[in-house]
Protein chains: 2
Amino acid sequence: MRRILPIPPIKSVADQVRDGLRAAIIDGQFAMGENISEERLTALFGVSRSPIRDALNALKFAGLVEIVPKRGSFVFLPGDAEVADLCAFRLMMEREAATLAMAAAPDLLVARLKAICARMARAEEDSDHADYAHADTAYHAAFFEFCGNPLVCDAYALADARIATLRTALTAPSDRHRADSFREHLAMAEQLGRGDLDGFRATLSEHINRTRRIATRELQRFKTKADAAAAR
Amino acid sequence: MRRILPIPPIKSVADQVRDGLRAAIIDGQFAMGENISEERLTALFGVSRSPIRDALNALKFAGLVEIVPKRGSFVFLPGDAEVADLCAFRLMMEREAATLAMAAAPDLLVARLKAICARMARAEEDSDHADYAHADTAYHAAFFEFCGNPLVCDAYALADARIATLRTALTAPSDRHRADSFREHLAMAEQLGRGDLDGFRATLSEHINRTRRIATRELQRFKTKADAAAAR
DNA sequence: GTCTTACATGTTACATGTTAGATTGATCAA
DNA sequence: TTGATCAATCTAACATGTAACATGTAAGAC
């Protein structure tokens with residue numbers, strides 16, 4: 001039978017907690033490394049420990065939370081090596097996903113990328129750094145939306161939440177980075193628009209490697225500040 | 001104090017159930033599509049529903065188990081499209097992981113691959129198809145062992161349990177497939193041994209695409225048999 | 001005979017109680 | 001001061017009870 005009313009869009013409590021917590025971490029409402037015990041989240045979300053536990057387990061797979069047995073759950077806090085792995089991984093995945101997307105739906109992809117560049121320009125004019133970060137995340141997610149293989153999307157999901165968190169916490173606040181980043185996003189959209197895959201790959205590599213350098217540098221500052229706060 | 005034993009090597013009950021269930025599914029002790037309700041597994045493993053639930057959730061991420069809300073949990077049963085996605089994904093991941101591994105530890109990789117080929121030859125002489133399948137799985141896992149990036153390994157983990165299951169259930173039983181497959185494994189090891197990455201990539205692509213054709217064909221036979229059994 | 005509904009059954013989602021591991025700090029002895 | 005021991009506390013792991021939901025089937029209306 002044909003469904004008229006599409007679907008009762010019910011999400012389990014666990015899924016709601018997962019999505020809410022994920023968004024909260026990405027937007028910096030919980031700091032990297034912060035303790036988020038089941039009990040604390042129970043109070044914050046007003047539900048029992050079961051769905052909280054399920055949500056934490058799900059976010060563990062995304063690398064966003066670390067669960068230490070009998071000790072607690074914490075927002076991830078990467079070291080330099082983890083940042084490097086994350087960047088190498090996303091470079092590889094985005095390069096391949098973009099290649100697939102350019103084979104499957106090049107026009108849709110390019111249109112989407114250019115639209116997001118416009119959004120970035122607007123965010124920059126409004127000095128809305130949070131929205132710039134969200135647009136940045138959406139830009140890179142676009143490669144996967146059009147790549148046509150759910151597994152490739154799932155694989156990117158292993159990294160994208162962490163990347164987005166690093167973006168809002170570390171790279172997006174830098175004026176200089178946003179300016180460089182915007183130029184590169186624009187360049188990549190144009191390169192794909194004229195089918196210049198090699199050029200795109202080169203720009204993507206530069207873009208991600210520069211992002212890695214900024215993130216690594218800012219991470220040190222973040223940790224220094226966090227240590228100082230802990231010493232008090 | 002410096003830790004001498006790096007990690008307390010205790011595994012939680014949930015982890016044991018996860019690994020045990022994973023191995024059982026891969027080895028065909030549960031058929032594809034079979035109902036594995038929490039209650040049933042509770043009886044089989046002799047533990048409560050909590051760790052069972054955690055294990056099922058973990059295997060859901062590996063695509064090995066499908067959890068349908070309020071209806072039950074089932075061993076995955078792919079359609080042709082899912083098999084194709086799985087193969088396209090593994091082709092991409094193995095190609096990239098092998099490239100990384102050849103940059104990081106080419107000698108170790110090639111030695112491992114050749115050792116596994118020897119094991120395959122032994123398994124074939126003994127007509128031990130299960131061990132051949134395990135060696136096959138280990139062969140492809142070797143690319144990731146030496147690739148040096150944990151995220152790349154995690155990404156492959158999204159597919160490898162399903163691939164291994166299809167192997168034991170569908171492709172490994174075919175004498176013809178094992179013979180072709182063995183030649184290709186040997187060829188890839190030799191190509192990598194002499195640094196012929198392009199040749200390797202071509203052989204890998206052939207290998208995986210042939211595997212996909214066999215798996216797709218045998219999947220039809222499996223489903224026909226399963227339907228006949230269900231009709232009874 | 002067909003359609004609808006009520007009910008029995010199977011299953012997970014969620015809540016909550018209990019257990020045990022890890023950590024911290026106090027206490028006390030050397 | 002130093003070091004060891006122990007108790008208190010915090011936490012996730014695990015067990016179990018309850019409720020809501022999906023489904024198949026059979027009874028009943030027409």
Side-chain angles (χ1 to χ4, degrees), chain A residues 1-21 30 33-61 63-77 230-232, chain B residues 1-21 30 33-61 63-77 227 229-232:
Chain A
M1 194 189 104
R2 175 81 167 285
R3 267 184 206 283
I4 303 300
L5 296 172
I7 303 168
I10 41 166
K11 255 206 296 195
S12 70
V13 175
D15 286 354
Q16 293 177 53
V17 170
R18 170 178 43 88
D19 293 344
L21 183 54
F30 298 96
E34 183 170 345
N35 184 315
I36 44 172
S37 70
E38 291 181 2
E39 192 190 11
R40 192 178 158 206
L41 296 177
T42 291
L44 284 174
F45 283 94
V47 300
S48 80
R49 300 188 322 261
S50 293
I52 299 285
R53 187 176 169 75
D54 288 345
L56 285 172
N57 259 305
L59 294 180
K60 183 185 65 178
F61 281 94
L64 209 57
V65 307
E66 186 182 2
I67 301 177
V68 186
K70 316 277 190 186
R71 275 204 358 103
S73 301
F74 306 86
V75 178
F76 85 112
L77 176 62
R232 260 190 298 103
Chain B
M1 192 189 106
R2 175 82 168 285
R3 269 185 205 280
I4 303 301
L5 296 172
I7 310 165
I10 42 169
K11 258 207 297 197
S12 68
V13 176
D15 286 353
Q16 294 177 52
V17 169
R18 184 201 51 201
D19 293 346
L21 183 55
F30 298 96
E34 184 171 343
N35 183 316
I36 43 172
S37 70
E38 291 182 5
E39 192 189 13
R40 189 178 161 204
L41 296 177
T42 291
L44 284 173
F45 284 93
V47 298
S48 81
R49 297 185 334 255
S50 292
I52 299 286
R53 188 177 169 74
D54 288 345
L56 285 172
N57 257 306
L59 294 179
K60 182 185 65 178
F61 281 94
L64 209 56
V65 167
E66 187 181 4
I67 300 178
V68 186
K70 316 280 189 184
R71 273 198 10 97
S73 301
F74 306 86
V75 178
F76 86 111
L77 175 61
D227 285 350
R232 257 190 301 103

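Bear in mind the structure is a predicted one, so any value in this text is a computation, not a measurement. Both backbone and side-chain heavy atoms feed into the values below; hydrogens, waters and symmetry mates do not.
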Is the closest side-chain heavy-atom distance between [X] and [Y] below 4.5 Å?
| X | Y | result |
| --- | --- | --- |
| A:V65 | A:F30 | no |
| A:L64 | A:L21 | no |
| A:V13 | A:V47 | yes |

Handout entry: Below 4.0 Å: OP1/OP2 of C:dT12 and any side-chain N or O of B:S73
Key = yes
Rounded distance (Å) that lies between atom [atom2] of [N] and atom [atom1] of [X]:
| X | N | atom1 | atom2 | value |
| --- | --- | --- | --- | --- |
| A:N35 | C:dA22 | CG | P | 17 Å |
| A:E39 | D:dT9 | CD | P | 14 Å |
| A:I67 | D:dC14 | CD1 | C1' | 15 Å |
| A:R18 | C:dA13 | CZ | P | 12 Å |
| A:Q16 | C:dA13 | CD | C1' | 12 Å |
| B:I52 | C:dA13 | CD1 | C1' | 16 Å |
| A:E66 | D:dT11 | CD | P | 16 Å |

Scan nucleotides 14-18 of chain C against the protein and return all N/O pairs shorter than 3.5 Å with their distances rounded to 0.1 Å.
residue, atom, partner, partner atom, Å
C:dC14, OP1, A:V13, N, 2.5
C:dA15, OP2, A:S48, N, 2.8
C:dA15, OP2, A:S48, OG, 2.3
C:dA15, O5', A:S48, OG, 3.0
C:dA15, N7, A:S50, OG, 2.6
C:dG17, N7, A:R49, NH2, 3.4
C:dG17, O6, A:R49, NH2, 2.1

From [X] atom [atom1] to [Y] atom [atom2], the distance as rounded to the nearest 0.5 Å:
| X | Y | atom1 | atom2 | value |
| --- | --- | --- | --- | --- |
| B:L59 | B:D54 | CG | CG | 11.0 Å |
| B:R18 | B:N57 | CZ | CG | 12.0 Å |
| B:E38 | B:S50 | CD | OG | 8.5 Å |

Completion exercise
When A:I67, A:V75, A:I52, A:L44 are each screened for side-chain contact (heavy atoms from CB on, under 4.5 Å) with A:I36, the one that passes is A:V75
Practice task
Look at all strands and tell whether B:N57 reaches a base, only sugar-phosphate, or nothing, counting heavy atoms closer than 4.0 Å.
Solution key: nothing
Tabulate atom names and distances for all N/O pairs under 3.5 angstrom spanning the protein and nucleotides 19-21 of chain C.
residue, atom, partner, partner atom, Å
C:dG21, N2, A:K70, O, 3.3

Handout entry: Heavy-atom neighbours of B:E39 CD exceed 12 at 6.0 Å
Key = no
Handout entry: Main-chain N/O of B:N35 paired with B:R40 side-chain donor or acceptor, under 3.5 Å
Key = yes
